[in-house]
Amino acid sequence: MNIGSVVRCATTFKGTGDLMTALLLGWSNKHPDDLAKAAELAVSSLQAVLQRTLDDYKTAGYDPQSSSLEIRLIQSQDDIRHPQIKFKAENYS
């Protein structure tokens with residue numbers, strides 16, 4: 001399965017692996033027979049959280065490239081619960 005290209009940035013984030021695992025587990029539980037849907041929701045949620053994190057740090061005047069960023073989970077609750085699907089899963093043939 002391919003989810004497509006994702007946004008890249010020149011910084012590092014703390015906790016993305018744990019968050020991706022939790023999101024995929026949670027969405028897989030909600031959609032047990034549709035791994036593609038669960039993956040789309042998990043990746044879209046993660047990308048929204050990372051974008052919000054970058055935006056918050058920039059708004060506060062921090063250089064996102066200067067250090068590892070703590071992800072903004074609390075501020076991203078709506079993006080996690082109701083992600084806008086921007087990345088579609090494709091089956092390899």
Side-chain angles (χ1 to χ4, degrees):
M1 180 176 7
N2 179 24
I3 296 293
S5 60
V6 294
V7 177
R8 293 181 183 259
C9 60
T11 191
T12 58
F13 298 90
K14 292 181 182 177
T16 55
D18 292 337
L19 178 58
M20 183 61 191
T21 301
L23 289 168
L24 189 54
L25 179 63
W27 287 117
S28 293
N29 188 47
K30 188 164 179 123
H31 302 281
D33 298 324
D34 194 349
L35 179 59
K37 178 83 170 175
E40 289 172 354
L41 290 162
V43 169
S44 296
S45 296
L46 180 62
Q47 287 293 305
V49 170
L50 297 182
Q51 188 60 58
R52 181 177 305 279
T53 299
L54 277 175
D55 293 345
D56 282 359
Y57 274 89
K58 288 177 183 176
T59 300
Y62 290 100
D63 178 9
Q65 297 179 10
S66 65
S67 65
S68 185
L69 308 180
E70 294 284 341
I71 53 178
R72 299 293 193 232
L73 287 177
I74 301 303
Q75 299 86 341
S76 302
Q77 291 179 56
D78 289 337
D79 297 321
I80 292 169
R81 288 186 190 122
H82 310 288
Q84 180 182 6
I85 297 177
K86 296 181 180 179
F87 305 98
K88 299 300 266 178
E90 300 173 8
N91 288 324
Y92 284 114
S93 51

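Here the structure is a predicted model, which means the values were calculated and not measured.
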Check: Tyr57 side chain, Gln65 main-chain N or O, donor-acceptor pair, under 3.5 Å: no
Distance from [X] atom [atom1] to [Y] atom [atom2], nearest 0.5 Å?
{"X": "Ile74", "Y": "Arg52", "atom1": "CD1", "atom2": "CZ", "value": "12.0 Å"}
{"X": "Leu23", "Y": "Leu46", "atom1": "CG", "atom2": "CG", "value": "6.5 Å"}
{"X": "Gln47", "Y": "Asp79", "atom1": "CD", "atom2": "CG", "value": "11.5 Å"}
{"X": "Ser76", "Y": "Arg81", "atom1": "OG", "atom2": "CZ", "value": "11.0 Å"}
{"X": "Glu40", "Y": "Trp27", "atom1": "CD", "atom2": "CH2", "value": "11.5 Å"}

For [X] against [Y], the heavy-atom pair lying closest together:
{"X": "Lys37", "Y": "Ile85", "result": "NZ-CD1, 3.9 Å"}
{"X": "Ser28", "Y": "Leu35", "result": "OG-CD1, 4.4 Å"}
{"X": "Ser44", "Y": "Lys86", "result": "OG-N, 3.3 Å"}

Quick one: are [X] and [Y] in side-chain contact, heavy atoms under 4.5 Å?
{"X": "Asp56", "Y": "Leu69", "result": "no"}
{"X": "Leu54", "Y": "Phe13", "result": "yes"}
{"X": "Leu41", "Y": "His31", "result": "yes"}

CG (Asp78) with more than 12 external heavy atoms under 6.0 Å: no
same_hphob_cluster(Leu25, Met20) at 4.5 Å side-chain heavy-atom cutoff: no
